[in-house]
Amino acid sequence: MSDIKEQATAFESSKYNPHEIEPKWQTIWQDSKLYETDLYDDSKPKYYFLTMYPYPSGDLHVGHWYAEAPADAAARYKRMQGYNVLFPMGFDAFGLPAENAAVKAAKRGENVHPATLTYQQIESMKKQFVQMGAMFDWSKEVVTCDPEYYKWNQWLFIQFLKKGLAYKKYSPVDWCPSCNTTLAREQVIGEERVCDRCGTPVIKKDLNQWYFKITDYADELLEFEGLDWPDKVRIMQTNWIGRSEGAEIDFKSAAGDITVFTTRPDTVWGATFMVLAPEHPYVAELTTSEQKADVEAYIEQASRKTEIDRQADSKDKTGIFTGSYATNPVNGAQIPIWIADYVLMGYGTGAIMAVPYGDQRDFEFAKKFELDIIAVIKPEDEAIVYDPTEMTEAYIGAGTVINSGPIDGTVCNEEKGKANPSIAAAIDWLDNNKAGRSAVTYRLRDWLISRQRYWGTPIPVIYCDDCGAVPVPEDQLPVELPTDIEFMPTGESPLKLHEGFLNTTCPTCAKPATRDTDTMDTFMDSSWYWFRYLSPDMEDAPFDKELASKWLPVEQYTGGIEHAILHLLYSRFFTKAMRDIGLTTVNEPFMKLRNQGMILGEDNEKMSKSRGNVVNPDSLVSEYGGDAVRTYLMFIGPWDQGGPWNTKGVEGTVRFLNRTWNAIIEDSDKDGSDDEATIKELRRATHYAVKEVTEDLDNFQFNTAIAELMTLLNVMTKLKNKALVKTVEWQETCKLVTLMLAPIAPHISEELWSRMDNSSSVHIAEWPSYDESALVQDTINMAVQVNGKVRAQIEVPSEASKEEILEIAKAEENIAKHFDGKEIKREIVVPGKLVNIVVA
RNA sequence: GCGGGAAUGGCGGAAUUGGUAGACGCGCUAGAUUUAGGAUCUAGUAUCUUCGGAUGUGUGGGUUCAAGUCCCAUUUCCCGCACCA
C-alpha cells in the first residue's frame, strides 16, 4: 500500500469522533488490502499468529471480542516489529446448534437447512468483525463445512486408516441422550459425567464406532519440551494422559492367566484376593455353578447402574464371589476371585490383585466381605498400628517390607509412582521367575470420532457384504452431504434414512453396498485447520507442502482454556500423526500458547440471556466506538484472568482516547516553558513508556501497557503549553504515542498518524525503540529509612556514591532526629532505591 | 481424595522479582465552567490519629537491616481430575 492518505476523505472535525473515523479506516484498510499477508515474502521473518476460530453462532458476543481484540493487538505489535505476520480467521462451521435449529424448524413445518443458516451467520459475524478493527486476513478464510474443506478431513481419515491410526470397534461408549450422539471421553465432563455441549448426563451404549489411535502417541504427548505453554494446560494434559508405571503380574486360574496391572508390585505378597470388572472376559468361565445365579444377577444390576449411581455408591463397595480361586505366583497362595464394579474394564487389564493392607478400596472391600488382610510393610513410625486385625484404614506409606519372602527388608520409602527399592526388588523377582514384568498404563483412551448426526463430515467408508469396510477411493472424494434431507429427531443420523446417500456400490467388487452414515466429530475439523489457511483454495492436496514447511509451526496460538485437553490435545496428536504419514516435518503445532480468561457480566456472573447480564458489542460500538471497547477489554486486568464487565470502565477508556486525541491534535493556550528541564522530563517519560509498553506487549500484559500510556498522557497533559508543543521533542512524543497506541486502538492511531503527514499506514510503521540515555535522570528521589521505617525523601545526584548519599541522608533534619543520641549499628545504601539506617 | 491456582483500598487491579505497598482506571469529595444536568478541566482520595505519628497485602509464626514477595503452619475461595489399581 503506497499512499493511504490520498484515499482518506477530507476531514473537518477537530474533535475525536470514533463514529466518523472508524468506518472510514475500515473501508480504506479493506480496499487497500493492508492486511493481506504475502506468504511468499521472504524479506522479513515469518510469524504465524493464530487465534482459535469461532463457531458461527450468528452474533458476535463480547466474549469473542475479549478473545480476539487482544490477540489482534499482539499480532499487530509483531507486525510493527518487522515480522511478516499471518493472522488468519475462519469458521468452525459444522456442529450441532445449526442442525438442532433445522430440527426445530422442521417441527414447525419449516424448512431451514443448516448450511443456509451457517453461511448466513458467517456473513453477519464477518460484518461484526469489521467493527473490531482486527487485521484478519480474510483472503485465507477457511469454512469447515465447505466440501472443499471437509474433503480433506475425509482424505486425512483415509490416510490414518492406511497407517493403522483409525480403526473401528464394538464397545461401550458414552452417549448423550439429548444430542442424540456418541461423545469422545474428553467430551464427558465432571463427576456428574455430563455432555460438554448441553449438560445432559451421558449414558452407556454398546456401539460399533470409529476411533483414532491417539494412545499410540501417549508418551510423545507427555513431552512439552520447547513449548511455551501455560503450566496449567501442560499439567491438565499430563494428568489426562495419566501415565502410571508399575508391573503386570500373571495369576493362574481355571480360565487361564489373569493378568493384573499394579503400581505396587512390592505388595503382591499381601494380595489376598482378586477382583475382576463385571465385563471381564473370564467371568463366565470362572463362575462356578453354585455362584452362577448370584453372579449373573450382580452383573445385570451393575450394567443397569448409571455412572452416577456408580459414583454415588463409591463409598459402599459391592461385589460377588465367583466361586473360583487363582494362584498368587509369588507364594502359591490360593486366593478367591471376586467381581466388583469398583474395578473398571477400561483401565489397566480390567482385573486387579487386591492388597487390602495397602489399598484403601481393597481394604474396605475386605472388611465388608471379611477377607484376609496380610501386613506387608512395617511403618517407619513405630506409633502406627500395623496389625491387620486392629487397622481401621489401609496403611499407605513408607516403611520396611515384611512377610514378603525374597524382598523382605527392602525399603519402601517413596510415594507411589516414584523410584522405590522395594518395587525394583519385586519387579526383579517377578522377571526372574517369569511371573510378571514391568509395565506402563495410561488413562488416555483412543479418540472416538463417529457421531450420529448430519451436520459434519461424512465418514468415507463403504460397507460391502463381501469386501467388508472399504474406504472410498480418493478420487471420489468428497463424499458430499446430501442437501435434500429430512430433519427428524430419531436418535440416528438423518443420513441413514436417505436412500440415495445410503445405497451405493462397493468400490472393490461393484456389488450393492451401503455407506457409513455417521459423521466425524467436529474436533476433527479443528485439528488441522491452520494448515489449510496457508492454501485455502488448493484443489489437489489438503495444503501446500512448501508453504507449510515455511510457515509451520504456528509461533503463537491464543484461545480459551476450555480446550486445554480437547482441541489442544487432538491438534498435537494430529500434527504427530501427519508427521508420521509424511505430510509435515513439524512435531508440534503451536510453539507458544496463551489463554484468555472469561469475561463476566456486570454482576460478576457468567453472561447469559436468562440472567439478563449479556453485554452486546454492537450497541457498545455504536455508543463508544470500537477502539474504546477494545481498549477497555485489554485494560480490565490480566488477560488470562478475565473478569466482570463494567460499563463505567469503558467510559474511562473513551476519556483516555479523547484526551490522547486532544493532547496530540489541539494547540495549547496555556503559557509555560520549553526549557531544557521540561524537555528532558518529557523525553524521559516518553522513552520510559516505550520501554515499558514494549516489555508489556511482549508478555501479553495489555492492562499495564495501557496504564503506561495513560501515565505518559498524564505527563503530557501536565507539561503541555504553547511553547512546548512547537518543539521537535513534543512532536516526537506525539509520534511515539501514536505508534504505541496503534496495536491497541488501530483506528484512532491511524487517523492521528495520517494527520501527522504520514503517507503510509501506522500499522506497517516500525515499532519504536527507546533511547537508554533519555532515561537517565540528573537527580534521583530516594527514601531514607531509620530501622526500616521511611522517615524522609531525599534528592541525590544520580551519580552520587554510597558515601555521598549517606551524607545527604544523615543531614536530613527528620533523619538526624531519629538517630540522635543512638548508636548507629548498620547503614545500608541501595543506590537508586533507598537508604536504611539501623540504630540500637 | 489427588493435582493446580488465588487471597492487596469502596471496586478492577499495579508493584522493577527481597528495597518507598496501593501505579493506572472506576467510584467518591471539593472547586472551576454551565441557567441546570451532562460533558470537560483542577485538586484530593488505604485506615486510624492527640497531626508528632501509628497501623496496613486472608490468619498465626519465622528468616532478614528490609517481606505483598522467601520458609513453616493454617483458613477461605476458584479450576481440573476422580473407585485409574
Side-chain angles (χ1 to χ4, degrees), chain A residues 189-191 193 230-240 242-244 246 260-264 267 275 277 310-311 313-317 340-344 346-355 358-362 364-365 415-416 441-444 561-562 564-565 604 631-632 635-638 640-641 643-656 658-659 662 691-692 695 701 703-714 717-718 781-793 814 817 825-839:
Chain A
I189 305 297
E191 196 171 354
R193 296 187 51 80
D231 287 344
K232 180 170 181 157
V233 177
R234 292 208 323 254
I235 289 164
M236 279 170 75
Q237 291 203 354
T238 302
N239 290 343
W240 186 259
R243 185 180 201 270
S244 292
V260 302
F261 174 78
T262 176
T263 54
R264 291 301 303 272
T267 64
V275 186
R310 245 167 118 146
Q311 293 289 345
D313 292 348
S314 68
K315 287 283 168 286
D316 187 26
K317 296 280 176 293
D341 64 5
Y342 82 89
V343 176
L344 310 171
Y347 183 78
T349 61
I352 62 160
M353 65 174 204
V355 183
D359 182 285
Q360 189 59 29
R361 292 153 305 173
D362 298 347
E364 284 162 19
F365 197 84
E415 298 296 304
K416 72 173 184 178
T441 294
Y442 303 88
R443 236 174 57 97
L444 183 68
I561 188 81
E562 67 274 15
I565 355 205
N604 216 351
T631 308
Y632 169 66
F635 185 62
I636 295 179
D640 58 358
Q641 216 172 281
W645 175 265
N646 177 2
T647 299
K648 287 283 183 196
V650 203
E651 286 167 12
T653 55
V654 174
R655 222 166 292 163
F656 160 64
N658 200 25
R659 287 181 57 217
N662 292 340
K691 178 173 185 277
E692 293 294 302
E695 284 170 12
Q701 286 159 354
N703 57 330
T704 48
I706 294 165
E708 211 50 63
L709 289 172
M710 288 172 169
T711 306
L712 175 57
L713 176 62
N714 290 343
T717 309
K718 184 186 87 185
N781 206 26
M782 284 178 68
V784 185
Q785 301 178 330
V786 178
N787 283 348
K789 289 198 161 56
V790 180
R791 297 297 180 186
Q793 296 285 332
N814 201 36
K817 188 176 81 187
K825 294 180 76 178
R826 243 181 117 168
E827 294 163 333
I828 291 125
V829 179
V830 185
K833 299 270 162 63
L834 53 68
V835 176
N836 190 11
I837 299 167
V838 185
V839 298

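Chain naming here is simple, since letters A, B, ... match the order of the sequence lines and numbering starts at 1 in each.
For U45(B), the base adopts the anti conformation, since its glycosidic angle falls more than 90 degrees from zero. Annotated as syn: G52(B), whose O4'-C1'-N torsion sits within 90° of 0. Base orientation of G9(B): syn (glycosidic angle within 90° of 0).
Rounded to whole Å, atom C1' of A21(B) lies 13 Å from atom CG of Leu834(A). Following rounding to the nearest Å, Asn662(A) (CG) and A39(B) (C1') show an atom-to-atom distance of 12 Å. Rounded to whole Å, atom P of C81(B) lies 16 Å from atom CG of Leu344(A). Taking atom CD1 of Ile561(A) as the reference point, atom P of A6(B) lies 14 Å away to the nearest angstrom. Straight-line distance from the CE atom of Met236(A) to the P atom of C79(B): 12 Å, rounded to whole Å. Protein atom NZ of Lys825(A) is 11 Å distant from nucleotide atom P of A66(B), rounded to whole Å. Distance Arg361(A) CZ to A82(B) P: 14 Å, rounded to the nearest Å.
Between atom CG of residue Asn714(A) and atom CG of residue Leu709(A) there is a gap of 11.0 Å, rounded to the nearest 0.5 Å. Atoms CG and CD, on Leu834(A) and Gln785(A) in that order, are 5.0 Å from each other to the nearest 0.5 Å. Residue Thr349(A) holds its OG1 atom at 9.0 Å from CZ of Phe261(A), rounded to the nearest 0.5 Å. With values rounded to the nearest 0.5 angstrom, Arg243(A) atom CZ is found 9.5 Å from Thr441(A) atom OG1.
Leu344(A) and Ala277(A) get closest at one heavy-atom pair: C-CB, 4.0 Å. Heavy-atom minimum distance, Ser244(A) versus Tyr347(A): OG-OH, 3.4 Å. Scanning both residues, Asp359(A) and Arg361(A), for their nearest heavy atoms gives OD2-NH2, 2.6 Å. Across Met353(A) and Asp362(A), no two heavy atoms sit closer than the pair O-OD2, 3.8 Å. In terms of heavy-atom proximity, Val260(A) sits nearest to Ile352(A) at CG1-C, 3.5 Å. The minimum heavy-atom distance linking Ala340(A) with Phe365(A) is given by the pair CB-CE1, 3.7 Å.
Pair assignment for C26(B): G10(B), on the basis of Watson-Crick or G-U wobble contacts that are both within less than 3.5 Å. Taking a pair to require two hydrogen-bonding distances under 3.5 Å in either a Watson-Crick or a G-U wobble arrangement, A54(B) pairs with U47(B). Pairing for U20(B) is absent, judged as Watson-Crick or G-U wobble with the two contacts each under 3.5 Å. When both distances must be under 3.5 Å, the Watson-Crick or G-U wobble mate of G60(B) is C72(B). Remark: A32(B) base-pairs with U40(B); criterion is Watson-Crick or G-U wobble with both hydrogen-bond distances under 3.5 Å. Across all strands shown, C2(B) pairs with G80(B); the Watson-Crick or G-U wobble distances both stay below 3.5 Å.
Contact annotation for Ser244(A): backbone-only contact, meaning every heavy-atom pair under 4.0 Å involves sugar-phosphate atoms and none involves a base. Within 4.0 Å of Thr647(A), counting heavy atoms only, lies no atom of the nucleic acid at all. Nucleic acid contact class of Ile352(A) (heavy atoms, under 4.0 Å, all strands): base. Among the heavy atoms of the strands lying under 4.0 Å from Asn836(A) is at least one base atom, whether or not backbone atoms are also near. Here Pro644(A) lies out of heavy-atom contact (under 4.0 Å) with every strand.
For G19(B), neither phosphate oxygen OP1 nor OP2 lies less than 4.0 angstrom from any side-chain nitrogen or oxygen of Gln785(A). The side chain of Arg826(A) contributes an N or O atom lying less than 4.0 Å from OP1 or OP2 of C65(B).
Across the interface with RNA chain B, nearest-nucleotide mapping of Val838(A) and Val790(A) shows Val790(A) to be the residue nearer the 5′ end. Comparing Met782(A) and Tyr347(A) by the nucleotide of RNA chain B that holds the closest heavy atom to each, the one mapping nearer the 5' end is Met782(A).
Taking atom C1' on both nucleotides, A39(B) is separated from U33(B) by 11 Å, rounded to a whole Å. Distance noted for atom C1' between C41(B) and G22(B): 26 Å (whole Å). Across the C1' atoms, G19(B) and G13(B) are found 22 Å apart, a figure rounded to whole Å. To the nearest whole angstrom, the two P atoms, one in U59(B) and one in G68(B), are 12 Å apart. When the C1' atom is compared between A85(B) and G4(B), the two are found 24 Å apart, to the nearest whole Å. Between A46(B) and A23(B), the two P atoms lie 8 Å apart (nearest whole Å). Of the C1' atoms belonging to C71(B) and U63(B), the separation is 7 Å, rounded to the nearest Å. For the P atoms, the distance linking G25(B) with U40(B) amounts to 13 Å, nearest Å.
With 3.5 Å as the limit, one finds a donor-acceptor pair spanning the side chains of Trp645(A) and Thr647(A). If you check the side chains of Asn239(A) and Arg443(A), you find no donor sitting under 3.5 Å from an acceptor.
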Query raised in the report: Which letter, B, S or -, goes with each nucleotide of nucleotides 44-55 of chain B from 5' to 3', with contact meaning a protein heavy atom under 4.0 Å?
Result: ---------SSS
Query - Protein proximity profile, nucleotides 22-29 of chain B - base contact B, sugar-phosphate-only contact S, no contact -, cut-off 4.0 Å on heavy atoms - result: -BBSSS--
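Cation-pi contact between Lys317(A) and Tyr342(A): present, with separation from the ring centre below 6.0 Å and deviation from the ring axis of at most 45°.
Side chain of Pro638(A), nearest nucleotide from G19(B), U42(B), G13(B): G13(B).
Below the 3.5 angstrom threshold, one finds a donor paired with an acceptor across the side chain of Gln793(A) and the base of U20(B).
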